[in-house]
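Atoms within a ligand are numbered from 1 in the order they appear, just like the ligands themselves. These numbers come from the heavy atoms of this one structure, side chains and all, not from hydrogens, waters or symmetry mates.
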Amino acid sequence: MPLNSPWRADFPGILALAAEGQTYLDSAATAQKPQAMLDSLLGYYASGAANVHRAQHLPGERATRAFEATREKAARWLNAASSEEIVFTRGSTESLNLLAYGLEHLFQAGDEIAISALEHHANLLPWQQLALRRGLKLVVLPLDELGDIDLAQAATLIGPRTRLLAVSQLSNVLGRWQPVSELLALARAHGALCVIDGAQGAVHGRHDLQALGADFYVCSGHKLYGPDGVGLLHGRREALAQLQPWQFGGEMVLQADYHEARFRPAPLGFEAGTPPISAVIALGATLDYLASLDDTAAAAHEAALHRELLAGLATPEGIRLLGAPQLALASFTVDGVHGADLAHLLTEQGIAVRSGHHCAMPLMKRLGLPGAIRVSFGLYNDGEDLQHFFAALDKALELLR
Ligand SMILES: Cc1ncc(COP(=O)(O)O)c(C=O)c1O
C-alpha cells in the first residue's frame, strides 16, 4: 500500500518544493504551512493592518479581537485553565529566555537547576547563563541507552536544593517522548518549579496542560505548521504570578512616571512593544486547521511513516541510529562515512534533511559524535518522499564506500 498523505494538498509549500525536485524531510527544524494559514496572513494585511490593545478605531479593534481570539484558541488547543495563562513570545527560545530572566529573583547562590543531557541549546543556555550570573549549580540528568532521561539517576540528582527542573517533552535529536510526568513528580516533591520545552512535543498529538501540571510549557508556531516569529509561553496562574517582566515598553505598563512604573499582570505584562500581530492571527488560523483534522488518522499516518523510515534505515549496512526513535524523526550516522560528505550528496540529489549537531552540541559530545543526519517529517510527507530519500541514500553510500 503506498503511504499517501490526505493532507498534502493543503500545504502549497510542500507541493512547490516537490515541483522543484526537492524532497522536504526537515520538519523538525520548521514545518510547511497550510493554505489556511497563508490566507489568514494575507487576509490580515489585505484588509488593513492595525496595532493591537491601543487603538479605539475599527481596524485596531478588529485586529485586537483576532489577536485575542488566537489566545483563546491556543488555550483550548493546549487545554489551559484560562487564556490568561497564554503569553505570546517570538518562539520557544524567547519563552525560555523570558523564564530565565523573569524567575532570576527567586534564586540564591547554591540553588540547583536540573536539565537533561539531551536539551536543545534553547533549553540549556538560558539556564546555564542564569547559573553563571547567580552562582547556581546546573545539574545535568543523564540518559539511558534508549535515549530517555534516566529516572533512577534523576531520583538521586533531584533533591532539596533543586529550585527548577527544565526538560524537553520530545527530543529533537533522539525522537523519544521523555518521562516528563515522572520527572515533574520528583521535582514537585522538592517544591521545584517545572518547565517543559514542548517545541517538538506540541507538534505531535494533543497535550493536556492541566493534566500535565507543569508550571510552564513553551512551544513555537513555526514547528506547529504556523508562522515563524511567534511562540507561546503557558504558565499556570500561580507560576506566572512569580514571574517578573523582562522587557519593558508599550502596553505592558499599567502606570508610568519618569522615575517609576507599575506593570500589568500576565499575559500583557510579558508582551512588551508591538507583538507579531499578523503571525499571532495566522497561528489562530493554523490551530483551526489542525483542530479540523482527524487526530487518530494523523497519528496513524505519522506512525506508519516512522515505521517505514526505520525499516528503510535498517537495510543499508553500517547505519547507526542515535537511540531508539519513537516518532517523527530519526538521526543516524554511517560507519566509515563522513556525515558532511553524505549530507552533501543527499543535498545534491534534492533531499532536504538536516545534518550537524542539531543545536544540541553537548549531547553530540556525550555520544562521541561530531554530528548526525536527521530525517524528520510532517503530516504532508508520504511514502514517495521516503522512497526518494532511500534511493538517494543508496546512491550516496555507493559513491562514498
Ligand atoms: C526541542 C527544541 N527546543 C527548542 C527549540 C527552539 O525553538 P525556536 O528556534 O523556535 O525558538 C527547538 C528548535 O529546534 C527544539 O527542537
Side-chain angles (χ1 to χ4, degrees), residues 24-33 37 74 87-101 115-129 140-141 143 147-149 165-180 183 194-205 207 212 214 216-234 246-247 270 275-276 279-280 282-283 286 322-323 325-331 352-364 366 371-378:
Y24 190 76
L25 289 166
D26 196 16
S27 293
T30 203
Q32 302 303 323
K33 319 301 174 194
M37 168 331 221
V87 176
F88 293 120
T89 64
R90 283 192 300 126
S92 302
T93 304
E94 188 175 273
S95 298
L96 291 160
N97 276 280
L98 189 173
L99 290 176
Y101 281 104
I115 59 161
S116 86
L118 57 72
E119 299 309 319
H120 187 282
H121 295 160
N123 195 33
L124 157 66
L125 301 179
W127 306 119
Q128 176 197 86
Q129 294 301 308
V140 182
L141 307 176
L143 309 179
D148 293 337
I149 300 168
L165 166 80
V167 287
S168 267
Q169 187 181 24
L170 174 65
S171 161
N172 65 310
V173 179
L174 304 171
R176 288 188 68 84
W177 291 116
Q178 295 302 313
V180 287
L183 289 164
C194 300
V195 177
I196 301 296
D197 174 359
Q200 297 293 336
V203 184
H204 304 283
H207 302 288
L212 186 64
F216 297 102
Y217 182 91
V218 310
C219 61
S220 300
H222 70 100
K223 295 191 197 284
L224 192 54
Y225 307 103
D228 41 43
V230 62
L232 302 178
L233 165 66
H234 169 265
W246 75 311
Q247 287 183 345
F270 300 100
V280 167
L283 177 62
T286 311
L322 273 57
Q326 289 170 317
L327 79 159
L329 61 87
S331 303
V353 290
R354 177 105 183 258
S355 75
H357 54 67
H358 309 293
C359 296
M361 267 190 222
L363 171 63
M364 289 299 168
R366 207 162 254 209
I373 308 262
R374 181 185 69 190
V375 181
S376 62
F377 47 74

By ring-ring contact (aromatic ring centres under 6.0 Å, His included), which residues pair with Phe270, not counting sequence neighbours?
none
With Tyr217, which of His234, Gln169, His207 fulfils side chain to side chain donor-acceptor pair (under 3.5 Å)?
Gln169
Can you sort out the partners of His222 under ring-ring contact (aromatic ring centres under 6.0 Å, His included), two or more places apart, ordered by chain and number?
none
Could you pull out all donor-acceptor pairs under 3.5 Å where a side-chain atom in residues 94-101 meets a protein atom, sequence neighbours excluded?
from  : atom 1 : to     : atom 2 : distance (Å)
Glu94 : OE1    : Arg90  : NE     : 2.8
Glu94 : OE1    : Arg90  : NH2    : 3.3
Glu94 : OE2    : Arg90  : N      : 3.1
Ser95 : OG     : Thr89  : OG1    : 2.8
Ser95 : OG     : Gly91  : O      : 3.0
Ser95 : OG     : Leu232 : O      : 3.1
Asn97 : ND2    : Thr93  : O      : 2.9

Start with the C-alpha distance between Asp26 and Arg354, add both sets of side-chain angles, then the distance that settles salt bridge (charged side-chain N to carboxylate O under 4.0 Å, His left out), and finish with yes or no.
CA-CA 6 Å; Asp26 196 16; Arg354 177 105 183 258; 5.3 Å; no
Exercise answer, ligand 1 polar atom pairs (N/O) under 3.5 angstrom:
from     : atom 1 : to     : atom 2 : distance (Å)
ligand 1 : 3 (N)  : Asp197 : OD1    : 3.2
ligand 1 : 3 (N)  : Asp197 : OD2    : 2.6
ligand 1 : 10 (O) : Ser220 : OG     : 2.7
ligand 1 : 10 (O) : His222 : NE2    : 2.7
ligand 1 : 11 (O) : Ser92  : N      : 3.4
ligand 1 : 11 (O) : Thr93  : N      : 2.8
ligand 1 : 11 (O) : Thr93  : OG1    : 2.6
ligand 1 : 14 (O) : His120 : NE2    : 3.2
ligand 1 : 14 (O) : Lys223 : NZ     : 2.6
ligand 1 : 16 (O) : Gln200 : NE2    : 2.7

Side-chain (Thr30) to main-chain (Lys223) donor-acceptor, under 3.5 angstrom:
no
